[in-house]
Amino acid sequence: MNKEIKKLVKELKSNMPEFTGSSEEKEIKTALYLYVELGKRKAFEPKHYWADKEEVKRAIEIKEQRDSQDINSVAKRRRITCITISHLYKAILKEFEIRACVENDIQEDKNILHMRNTIFLKNGEEITVDLQDDMYRIQTRRQLKKFGIQANPHSKEFSEEKLTKMLVEIGYIDSKEDYRDVRLEVVKQDIQGMDVASGVKFISNDKRVYGGLENLSEVEADRYYKGIIATMFSEKDKGKISQIKCYKKTDNGDKYSFLLFVNGKEPEVYVYSPKSKRLIQCDIDTLANLEDEGLQIGKKQKRGAEKTLEKLLRRERNQKRKSDVGDEIR
């Protein structure tokens, strides 16, 4: 066992609770505990997630497949993809005497490469899991959806009640009411009747939405807010809200984030702050200044909401130039 794996396994073992139940139940709870703990520690690679070109994604995937053969380096780093996290999870499970495999998840889009795990319990049962897809839920303490997928007739599934009981025992939550989903459902009720702009503003300022997200990474944050928009707004209102990537080149590499663009008579923009883990309202003038300072907004070939936002930024600059000229003349 290599140094980094050994270090991680030692840490996981020292913090793992003593589980109750049959040998099978203990085995499942151990696998679930490791699933949650790895989900907290890792973050999806933003360059892959937000890549404009398929060849960029493919290049990253080829490198990830190569890196997955050196699991020690994967254990050490923070950024992963489904390829490397599934191989790391398999390796960690092995150190806890649990057998698993890495398998391709067949997607509707045949060009998408996605990997997940199947766990083989000692009693012959199988549990199919997708840790990478659950990472944003783990980092926001939401209900998990991908531990126990019905992948085939032999795959073991868990009721919401059963999974919740196990998550309480491993220390993920204190009770069912401790899920963030419970708080978000109340927020959803609070914004009923509001127009879309008021609803987004309410969400951006509500601690029930952004509080306690210290471990949230950029990609997981993007997925978290996409989920919120998808469930809290009507189909009509969702069409007015666009999530757009943004990034800035620095000496330490590209720094990624995203913004919410609320289109309407009075368009509004909210930029996600990786530092404060929340959406911050940003006026068009400030956003134009940020862009002038090197912030890249959206894809190079802009369409739809990205194109609309680009026109607003261009108009803002033109108005500012006219104002500056007027000041000089006066």
Side-chain angles (χ1 to χ4, degrees), residues 1-16 30-51 57 60-61 63-96 98 100-103 105 113-119 128-147 149 167 170-172 180 212-227 252-258 272 274 277:
M1 183 166 49
N2 290 320
K3 182 181 177 181
E4 291 300 326
I5 289 287
K6 186 176 181 179
K7 179 182 176 183
L8 179 55
V9 168
K10 183 179 179 181
E11 182 183 339
L12 291 168
K13 283 185 176 179
S14 65
N15 293 324
M16 187 171 71
T30 299
L32 179 59
Y33 167 77
L34 298 174
Y35 183 85
V36 167
E37 289 303 311
L38 282 183
K40 292 176 182 176
R41 287 167 168 76
K42 301 299 178 182
F44 195 78
E45 173 55 64
K47 288 183 180 179
H48 184 279
Y49 182 76
W50 277 300
K57 288 181 181 284
I60 293 172
E61 288 168 2
K63 181 180 182 300
E64 288 288 282
Q65 287 176 311
R66 185 171 62 248
D67 289 352
S68 67
Q69 303 306 308
D70 180 14
I71 208 66
N72 195 54
S73 67
V74 178
K76 187 176 181 180
R77 75 189 208 214
R78 169 79 164 159
R79 307 290 183 187
I80 52 82
T81 64
C82 63
I83 299 168
T84 39
I85 192 66
S86 56
H87 280 88
L88 178 60
Y89 185 49
K90 174 188 173 183
I92 295 296
L93 285 168
K94 183 179 179 181
E95 297 302 323
F96 286 78
I98 299 174
C101 73
V102 176
E103 61 186 22
D105 179 21
L113 174 64
H114 187 68
M115 292 186 174
R116 62 189 184 186
N117 296 96
T118 290
I119 300 164
T128 298
V129 303
D130 190 339
L131 175 52
Q132 184 263 306
D133 196 43
D134 252 347
M135 275 168 49
Y136 85 93
R137 299 184 184 95
I138 291 170
Q139 292 179 18
T140 56
R141 204 154 62 173
R142 298 198 68 173
Q143 291 177 306
L144 305 189
K145 302 294 185 183
K146 296 302 178 76
F147 188 89
I149 302 168
L167 288 169
I170 71 168
Y172 176 68
R180 187 175 296 269
L213 299 178
E214 293 80 9
N215 196 46
L216 189 62
S217 300
E218 299 94 322
V219 171
E220 285 69 36
D222 184 75
R223 296 194 65 196
Y224 170 60
Y225 278 100
K226 278 181 177 173
N252 296 319
D254 294 346
K255 299 296 183 183
Y256 286 84
S257 187
F258 62 92
Y272 177 74
K277 310 297 183 185

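These numbers come from a predicted model, not from an experiment. Scope of the values below: all heavy atoms of this structure, side chains included, with no hydrogens, waters or symmetry mates. The first residue of the sequence shown is numbered 1, and numbering continues consecutively from there.
- Going from atom CZ of Arg223 over to atom OG1 of Thr140 covers 10.0 Å, rounded to the nearest 0.5 Å.
- Each of Asp133, Asp105, Asp134 was checked for a salt bridge (Lys or Arg N to Asp or Glu O under 4.0 Å) with Arg116, and the lone residue meeting it is Asp105.
- Of the N and O atoms on the side chains of Thr81 and Glu45, not one donor lies less than 3.5 Å from an acceptor on the other residue.
- In this structure, Thr30 OG1 and Ile170 CD1 are separated by 10.0 Å, a value rounded to the nearest 0.5 Å.
- In this structure, a donor-acceptor pair under 3.5 Å is absent between the side chains of Arg79 and Thr84.
- Counting only heavy atoms from C-beta outward, the side chains of Val219 and Tyr256 never approach each other to under 4.5 Å.
- The backbone N or O of Asn72 lies less than 3.5 Å from no partner atom in the side chain of Lys3, so there is not a single donor-acceptor pair.
- A donor-acceptor contact closer than 3.5 angstrom links the side chains of Asp222 and Tyr49.
- Atom-to-atom distance recorded for Leu34:CG and Leu8:CG is 9.0 Å, nearest 0.5 angstrom.
- Annotation: cation-pi pair Lys13/Phe96 present, NZ/CZ under 6.0 Å from the ring centroid and within 45° of its normal.
- For the pair Thr118 (side chain) and Cys101 (backbone), a donor-acceptor distance under 3.5 Å is absent.
- Of the charged side-chain nitrogens involved, none lies within less than 4.0 Å of a carboxylate oxygen, so that Asp130 and Lys145 do not count as a salt-bridged pair.
- Although no hydrogens or angles enter the test, the distance criterion places no donor-acceptor pair under 3.5 Å between the side chain of Asn117 and the main chain of Val129.
- Note: Glu220 CD to Leu213 CG = 12.0 Å, rounded to the nearest 0.5 Å.
- The closest side-chain heavy-atom distance from Lys42 to Leu131 is not below 4.5 Å.
- To the nearest 0.5 Å, atom CD of residue Gln132 and atom SG of residue Cys82 are 5.5 Å apart.
- With sequence neighbours excluded, the residues that form a side-chain contact (heavy atoms from CB on, under 4.5 Å) with Ala31 are Tyr89, Leu93, Ile98, Ile119, Phe147.
- The neighbour count for Lys40 NZ, taken as heavy atoms of other residues, nucleotides or ligands under 6.0 Å away, is above 12.
- More than 12 heavy atoms of other shown residues, nucleotides or ligands fall within 6.0 angstrom of atom NZ in Lys146.
- A donor-acceptor distance shorter than 3.5 angstrom exists from the side chain of Lys57 to the backbone of His48, with no hydrogens or angles considered.
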- Tyr136 and Tyr224: ring pair (Phe, Tyr, Trp, His ring centres under 6.0 Å), yes or no, with the steps? CA-CA 6 Å; Tyr136 85 93; Tyr224 170 60; 7.4 Å; no
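- Judged by distance alone, with hydrogens and angles left aside, the side-chain atoms of Lys277 form a donor-acceptor pair with the main-chain N or O of Pro274 at under 3.5 Å.
- With rounding to the nearest 0.5 Å, the separation of CD in Glu95 from CG in Leu12 is 11.0 Å.
- Counting heavy atoms from C-beta outward, Leu167 and Val36 have side chains that approach closer than 4.5 Å.
- The shortest side-chain heavy-atom distance between Ile83 and Asp67 does not fall under the 4.5 Å cut-off.
- In this structure a side-chain-to-backbone donor-acceptor pair under 3.5 Å is missing from Gln139 to Ala43.
- Between Arg77 and Glu64 there is a salt bridge, since a side-chain N of the basic residue sits under 4.0 Å from a carboxylate O of the acidic one.
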